Amino acid sequence: MGNVALCAPSIISSGVVKVLFSDGRLVIYTRPVKAAELMLENPGQFVCDSSHLKIGHRIPGLSADEELEVRQIYYLLPMEMLYSVLTSEEMGSLNDKSSKAFKQGSLSF
């Protein structure tokens, strides 16, 4: 038998996908998940990679068959925001929600 240590913080920081829902919940997925699965469970919303958000640029969505990558943070946004130009107010709101979710630990698995 080997010496194996399992620690929840190491799991959360390494091999997981984090999705911030529009209601402020942060959901952690420890298994592979595709954008289609999230969109089917949340009609009228789309998945966006947080690293692709830029003020003054259009908000891109993931294609339904795209698998979410580990160590990334994704937003689940209302469909009316898809391909709209991201304003500084909207970016501020997203940043506020994400910082509150991480600080308050509003995590779901």
Side-chain angles (χ1 to χ4, degrees):
M1 308 255 170
N3 294 330
V4 178
L6 183 60
C7 178
S10 67
I11 292 172
I12 291 175
S13 63
S14 61
V16 300
V17 174
K18 299 173 186 170
V19 179
L20 184 68
F21 285 64
S22 55
D23 64 3
R25 284 181 300 130
L26 182 65
V27 178
I28 305 280
Y29 292 91
T30 57
R31 60 173 175 74
V33 62
K34 290 192 176 195
E37 180 181 340
L38 294 175
M39 292 187 291
L40 285 171
E41 292 172 357
N42 302 279
Q45 298 190 5
F46 71 99
V47 181
C48 176
D49 184 335
S50 66
S51 66
H52 294 152
L53 293 177
K54 293 179 179 63
I55 296 171
H57 290 85
R58 297 199 181 274
I59 302 172
L62 298 182
S63 63
D65 64 341
E66 208 167 331
E67 190 168 298
L68 281 61
E69 296 180 28
V70 296
R71 297 189 197 122
Q72 287 290 81
I73 299 173
Y74 295 89
Y75 289 109
L76 197 60
L77 301 173
M79 198 58 79
E80 56 266 10
M81 292 181 74
L82 183 61
Y83 301 123
S84 67
V85 176
L86 184 66
T87 66
S88 57
E89 293 82 15
E90 290 168 331
M91 189 65 172
S93 175
L94 291 172
N95 286 336
D96 286 345
K97 284 181 182 180
S98 60
S99 65
K100 285 178 186 175
F102 282 101
K103 284 180 187 174
Q104 295 174 351
S106 57
L107 301 177
S108 300
F109 288 91

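All heavy atoms count here, side chains included; hydrogens, waters and symmetry mates do not. The shown structure was predicted, so the numbers you read here are calculated from the model rather than taken from an experiment.
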Rounded to the nearest 0.5 angstrom, the CD1-CD distance for I55 and E90 is 10.0 Å

Heavy-atom closest pair, residues A101 and G24: CB-O, 3.5 Å

Shortest non-hydrogen contact between C48 and L53, atoms and distance: SG-CD2, 3.4 Å

Let me have the donor-acceptor pairs involving side chains of residues 36-43, under 3.5 Å, with sequence neighbours excluded, atom names and distances please.
residue, atom, partner, partner atom, Å
E37, OE1, R31, NH1, 3.3
E37, OE2, R31, NH1, 3.3
E37, OE2, R31, NH2, 2.6
N42, ND2, L38, O, 2.8

List for me each residue that meets side chain to side chain contact (heavy atoms under 4.5 Å, CB included) alongside D65, sequence neighbours excluded, and say none if there are none. S63

Check the pair L77 / L94 against side chain to side chain contact (heavy atoms under 4.5 Å, CB included), numbers first and verdict last. CA-CA 10 Å; L77 301 173; L94 291 172; 3.6 Å; yes

Under the side chain to side chain donor-acceptor pair (under 3.5 Å) test, residues paired with S51 that sit two or more places apart: D49

E69: partners by side chain to side chain donor-acceptor pair (under 3.5 Å), with sequence neighbours left out: none

Quick check: do I73 and F102 have side-chain heavy atoms less than 4.5 Å from each other? yes

Of all heavy-atom pairs between K18 and I28, which one has the smallest distance, and what is that distance? CG-CD1, 3.4 Å

Looking at every non-hydrogen atom in both residues, tell me the closest pair between S98 and Y75 and how far apart they are. OG-OH, 3.7 Å

To the nearest 0.5 Å, tell me how far E67 CD sits from L62 CG. 11.5 Å

Any chance you could measure L26, atom CG, to K100, atom NZ, to the nearest 0.5 Å? 14.5 Å

For residues 79-86, please give each side-chain donor-acceptor pair under 3.5 Å, one per line with the distance, not counting sequence neighbours.
residue, atom, partner, partner atom, Å
S84, OG, M81, O, 2.7

Sequence-distant partners of S22, side chain to side chain donor-acceptor pair (under 3.5 Å), two or more places apart: Q45

